[in-house]
Amino acid sequence: MQVKTQTTHYEDILSEIIDGLKKSPKRLPTKLFYDEKGSQLFDKICELDEYYPTRTELKILDDNIEEITSYFGDNGVLLELGSGSSVKIRLLIDHLPTLAAYVPVDISSEHLVYSAECLKADNPELKVYPLVADYTKEFALPTINENYKTIDAFYPGSTIGNFTPEKARSFLERVANTFGKDSGLLIGVDLKKEKSILDAAYNDSKGITAEFNLNLLNHINNLVNADFDVNKFSHYAFFNEKYGRIEMHLISKENQEVKIDGEVINFEKGEKILTEYSYKYSLRDFKKLVDGIYDVEKIWIDDNSLFSVQFLRAV
Ligand code: AVJ
């Protein structure tokens, strides 16, 4: 199994971090949650009682797997965006007997390679082409040495919600252009619901989400030359009803300065750093979001209308 790595340059990531911290309000790149530790914490989040998206999406997939996989092309390549630990994909793979190759794409290389190896061990016949890449930027497909007819993508977890609607639209436009007309996209989209359910999902009682949020600072300390003191920040997340999004922030507990590659960034007590948006959609809003890029061919939802899985076809 050959792993292709499309690395982000140190200078690019450093300026992304510093530019974000020079903005008012300050912000940090959401994708930097996912170092090895962050990917593990996210897996723990998925097991929490309060965090309904993962198990709900998995149940929707499980309950409808025959019908869902009938939308995929025969002898196709299946590409997964943000594959993480690749749990959901096993269901799809098991029901796609003519699958030519599986391409998991993730920013966290150790996690990606380990998951791909486990998957390969359980499915020795499967052709796996892992790609370590920041898929929010341009990325090139690895060379696939198999005969295949179609490329379909899988974008689970409602990770699309991390983009603002405008950025989500341009991202999907790029995906549709990359894979071409008639390519499919099976996407998980979290739905709008009561604020109390959403607030609880991002403020779990075990504090794992808080740990996940704070770990972003550890990751940045390791990634670039920074000296964040994680103990001097606290987790803050809430559902912003006006914008239909979860907002996660880190709040500075005191006035402090942080050095990042020689630059000094000042924080006031109570000042917030935005670390993540997680937009929630109505079915109608999402259809509008993809209008002209994808046709929504089919939508599956759970009994409590918490989450949707949708098959989109590029127009
Ligand atoms: C993986 C981006 C879908 O937005 O719910 C979980 C990440 N953040 N808890 C989400 C997350 C806080 C998750 N996504």
> Are Phe239 and Lys280 close enough that some pair of their side-chain heavy atoms sits under 4.5 Å apart?
Replying inline: yes

> Does the ring of Phe179 carry Arg174 above it, NZ/CZ under 6.0 angstrom from centre and within 45° of its axis?
Replying inline: no

>> Please identify which of these residues, Leu81, Ile144, Val128, meets the side-chain contact (heavy atoms from CB on, under 4.5 Å) condition with Val103.
In response: Ile144

> Should the ring pair Phe233 and Phe228 be called parallel, tilted or perpendicular, given that the plane angle runs from 0 to 90° and is split at 30 and 60?
Replying inline: perpendicular

> Ion pair present between Lys269 and Glu254, side-chain N to carboxylate O less than 4.0 angstrom?
Replying inline: no

> Is any NZ, NE, NH1 or NH2 atom of the basic residue among Lys22 and Glu263 found under 4.0 Å from an Asp or Glu carboxylate oxygen of the other?
Replying inline: yes

>> Same cluster or not: Leu250 versus Val230, using hydrophobic residues (I, L, V, M, F, W, Y) connected whenever any side-chain heavy atoms lie under 4.5 Å apart?
In response: yes

>> Once salt bridge (charged side-chain N to carboxylate O under 4.0 Å, His left out) is applied, do any residues pair with Lys206, and if so which ones, sequence neighbours excluded?
In response: none

>> ring pair (Phe, Tyr, Trp, His ring centres under 6.0 Å), that's the test. Do Tyr279 and Tyr243 meet it? Break it down for me.
In response: CA-CA 8 Å; Tyr279 277 82; Tyr243 292 101; 7.9 Å; no

>> Can you confirm whether Phe311 sits close enough to Leu185 that some side-chain heavy atom of one is under 4.5 Å from a side-chain heavy atom of the other?
In response: no

>> Ring-plane angle category for Tyr155 and Phe171, please: parallel below 30°, perpendicular beyond 60°, tilted otherwise.
In response: tilted

> Are any side-chain N or O atoms of Asp152 and backbone N or O atoms of Gly184, one a donor and one an acceptor, separated by less than 3.5 Å?
Replying inline: yes

> Mind checking whether Phe212 and Phe33 have ring centres under 6.0 Å apart?
Replying inline: yes

>> Determine whether a donor-acceptor pair (N or O, by modelled atom type, separation under 3.5 Å) exists between the side chain of Arg245 and the backbone of Gly161.
In response: no

>> Test your reading of the model: is there a side-chain donor-acceptor pair from Glu16 to the backbone of Ile13, 3.5 Å cut-off?
In response: no

> For the ring pair Tyr202 and Phe238, is the centre-to-centre distance below 6.0 Å?
Replying inline: no

